[in-house]
**Q** 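There's a structure below that I have some questions on.
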Amino acid sequence: MGLELKKEAINAAVSNLQLRTKAFINGKSVNSVSGETFATVNPANGKTFAEIASCDEKDVELAVKAARKSFESGCWSKMPPAERKKIIFKFCDLMEEHEAELALLDCLDAGKPIFDCVTIDAPETIECIRWHAEAGDKLLDTISPTGSSNLSLIVREPMGVVGIIVPWNFPAQMTAWKIGPALATGNSIILKPAKLTSLSAILMAELAAEAGIPDGVFNVLPGPGSTVGKALGMHMNVNMVAFTGSTEVGRTLLGYSSQSNLKRIILELGGKSPQVVMADADLDITAENAVSAAFWNMGENCSCGSRLIVHKSVKDELVKKMVKILKTWPVGDPLDPDTRFGPMVEEPHMEKVLSYIEAGKAEGAELVMGGNRVLEETGGYFIEPTIFDECNNKMKIAAEEIFGPVLSVIPFETEEEAVAIANDTEYGLASSLYTRNVNAAHRIARAIRAGTVSVNCFSEGDMGAPFGGFKESGFFGRDKSIYAHYQYTEMKAIWMNLED
Ligand code: NAD
């Protein structure tokens, strides 16, 4: 059941919340082998609200054994896809029954506004997993053309034991983007949530078991990346790791693979996404979308449009419109249904974002709005939405991923210049483009080196549209869409001689 966006309903749901804090291995909720726990803190007030099982290499060993056993038994991997679909649908129905809980957990753990968790994160998590389950029995294998004395089958088979490592910014949704296709294609999975946001992942595993996903198929190991994540990456009996997170850790995972069993690694990484605004753009539409691109989820968004590359002739008017819109985005308690802007996820991250703001000032960018920590008395880690004008791509704030609410506005004069600035980055995850000229839209969309270009909007498209990055924003990875299914499967050629 969804959560009513009223203060009383939200407060009642918080007081009824029963937190599930254990690891989930082989169909059971368990303490970590060491018995250790770690604290999870609400970033809106800085207070610990749960102690969570802290796993390490020993728990990874148990989970890999359970996952391998379930995979080899065929209880899931060899189940007809239509049967798997029914069970995953049941899992989605259970998530729907627990939708309020799913929304609240990400709100408390990550400081995401409850409005977003209720209207976007929780429903889209469920929709994503349903979409992949539905697709699971629709993908056809192929037969390649041969002479009549041969039969050439090209079939896809699940990868095996798949490690899934996700970040904290969209805890349930990033999990869904991975577990949806991984489960639908018959793999056994070991999910490592970000240490800051483990609770929704644990809930999902428990509901999956209740729905009938067999023991060992869906395991969750909360804990640090440097132990659990590393042990998954280095394990000789893990066939693949699907990762979403920073480019730095993604690079490390490729190293683990090369040092161990050459497991398949797919990476969805960071970004410094451009928003290109041409002189003929509709500035009202652009302002609405550009604000969302830069500041939705407090800028803690991999596809955050953190560089506004805007034609000189419309820059001042656009920035004015954006400031006006941002002033209607209340900053505050994420549990308040009116809040559109919550805290940074943790204190060190807040400090990092503040240090970028100082760098922007020092480099001579013009501070137009924000720039400060606010609501300090709450104990939370709030920063105002911040806009710097008159930036250039050489500035630290315009070149590096900040992962916070800091927008760099960069003026341009010609289309060539705009494209060159947009592409002058090691990243290539997402981008937006605003123009009323359809020819220019086509031309510039093709010229921008990024996995997604959204035109006259800020969007990653629906579930049918693939999502992933060019350059250092990704490696072999596409989440969402039918293409996600291919990466969780191996391709096999079966060549049959039919001669008597
Ligand atoms: P992070 O890379 O620090 O952590 C991501 C995950 O990796 C966490 O679960 C963490 O515990 C784990 N990890 C850390 N060290 C590890 C190691 N040595 N071995 C294995 N696992 C390890 O990223 P974050 O701070 O959680 O998230 C922010 C980053 O994620 C940003 O760069 C953002 O752009 C990126 N991101 C990308 C996408 C996308 O789809 N491309 C989506 C969301 C976030």
Side-chain angles (χ1 to χ4, degrees), residues 18-38 40 50-77 79 84 87-88 91 94-95 98 105 109 129 158-166 171-172 174-176 178-180 182-183 186-243 263 488:
Q18 288 186 347
L19 299 175
R20 305 159 199 244
T21 56
K22 295 190 173 183
F24 198 77
I25 303 176
N26 204 18
K28 287 174 197 62
S29 296
V30 291
N31 293 321
S32 60
V33 173
S34 67
E36 296 290 319
T37 60
F38 62 85
T40 198
E51 287 287 336
I52 300 187
S54 185
C55 296
D56 62 23
E57 296 82 353
K58 291 202 176 77
D59 306 278
V60 170
E61 222 33 72
L62 292 178
V64 172
K65 271 204 186 92
R68 175 59 58 196
K69 192 167 164 219
S70 71
F71 185 75
E72 300 302 339
S73 78
C75 64
W76 186 249
S77 54
M79 184 184 277
R84 280 203 296 262
I87 297 175
I88 301 176
F91 169 36
L94 286 173
M95 278 197 287
H98 290 260
L105 293 176
D109 246 357
I129 296 174
M159 289 294 299
V161 175
V162 175
I164 292 177
I165 303 177
V166 290
M174 291 299 99
T175 296
K178 305 269 188 242
I179 69 169
L183 288 173
N187 296 286
S188 290
I189 63 176
I190 302 169
L191 168 64
K192 195 209 91 60
K195 200 174 162 207
L196 297 171
T197 55
S198 309
L199 293 168
S200 52
I202 300 172
L203 170 66
M204 286 159 89
E206 292 192 12
L207 297 179
E210 199 181 324
I213 291 186
D215 292 355
V217 170
F218 187 167
N219 308 277
V220 178
L221 303 179
S226 53
T227 52
V228 179
K230 181 173 180 189
L232 284 171
M234 290 293 286
H235 208 289
M236 296 299 287
N237 212 0
V238 170
N239 303 101
M240 167 177 176
V241 171
F243 173 80
K263 61 180 61 63
Y488 292 95

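The first residue of the sequence shown is numbered 1, and numbering continues consecutively from there.
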**Q** Is any side-chain heavy atom of Lys178 closer than 4.5 Å to one of Val166?
**A** yes
**Q** So do Val228 and Leu221 actually touch side chain to side chain, heavy atoms under 4.5 Å?
**A** yes
**Q** Is a side-chain N or O of Ser77 found less than 3.5 angstrom from the main chain of Asn187, in a donor-acceptor match?
**A** no
**Q** Who are the side chain to side chain contact (heavy atoms under 4.5 Å, CB included) partners of Glu57, not counting sequence neighbours?
**A** Thr227, Ala231
**Q** Looking at Trp76 and Leu183, what are the two nearest heavy atoms and their distance?
**A** NE1-O, 3.1 Å
**Q** For the pair Lys22 and Ile202, evaluate side chain to side chain contact (heavy atoms under 4.5 Å, CB included) and give the outcome as yes or no after the intermediate values.
**A** CA-CA 7 Å; Lys22 295 190 173 183; Ile202 300 172; 5.8 Å; no
**Q** Hey, what do you get for CD1 (Ile25) to CG (Asn31), rounding to the nearest 0.5 Å?
**A** 10.0 Å
**Q** Mind checking whether Ile189 and Val217 have side chains closer than 4.5 Å, heavy atoms only?
**A** no
**Q** If I compare all heavy atoms of Arg68 with all of Asn239, which pair ends up nearest, and what's the gap?
**A** NH2-OD1, 2.7 Å
**Q** Mind listing the closest non-hydrogen atom pair of Gly212 and Ile87 along with its distance?
**A** C-CG2, 3.6 Å
**Q** Would you say Ile179 and Ile164 make side-chain contact, with heavy atoms under 4.5 Å?
**A** yes
**Q** Any side-chain heavy-atom pair from Met204 and Phe91 closer than 4.5 angstrom?
**A** yes
**Q** Can you tell me if Glu36 and Ser54 form a side-chain donor-acceptor pair at under 3.5 Å?
**A** no
**Q** Determine the minimum heavy-atom distance between Ser70 and Ser73, stating which atoms define it.
**A** O-OG, 2.8 Å
**Q** Can you tell me how far the CD atom of Glu206 sits from the NZ atom of Lys28, to the nearest 0.5 Å?
**A** 12.5 Å
**Q** Given side chain to side chain contact (heavy atoms under 4.5 Å, CB included), test Ile129 with Ile88 step by step and report yes or no.
**A** CA-CA 8 Å; Ile129 296 174; Ile88 301 176; 3.5 Å; yes
**Q** Could you grab the distance from atom NZ of Lys195 to atom OG of Ser226, nearest 0.5 Å is fine?
**A** 8.0 Å
**Q** Quick one: closest heavy-atom pair of Asn237 and Val161, and the distance?
**A** O-CB, 3.8 Å
**Q** Can you confirm whether Pro222 sits close enough to Phe38 that some side-chain heavy atom of one is under 4.5 Å from a side-chain heavy atom of the other?
**A** yes
**Q** Which heavy atom of Val220 sits nearest to which heavy atom of Pro193, and what is that distance?
**A** CG1-CD, 3.9 Å
**Q** Does some side-chain heavy atom of Lys263 sit less than 4.5 Å from a side-chain heavy atom of Val162?
**A** no
**Q** Once rounded to the nearest 0.5 Å, what's the spacing between atom OG1 of Thr175 and atom CG of Leu191?
**A** 5.0 Å
**Q** Hey, does Asn26 have a side-chain heavy atom less than 4.5 Å from the side chain of Leu62?
**A** no
**Q** CD1/Ile52 to CG/Leu19 distance, rounded to the nearest 0.5 angstrom?
**A** 8.0 Å
**Q** At what distance, to the nearest 0.5 angstrom, does CG of Asp56 lie from OG of Ser32?
**A** 7.0 Å
**Q** Taking side chain to side chain contact (heavy atoms under 4.5 Å, CB included) as the definition, give me every residue that meets it alongside Thr197, ordered by chain and number, with sequence neighbours left out.
**A** Asp109, Ala110, Trp168, Pro171, Ala194
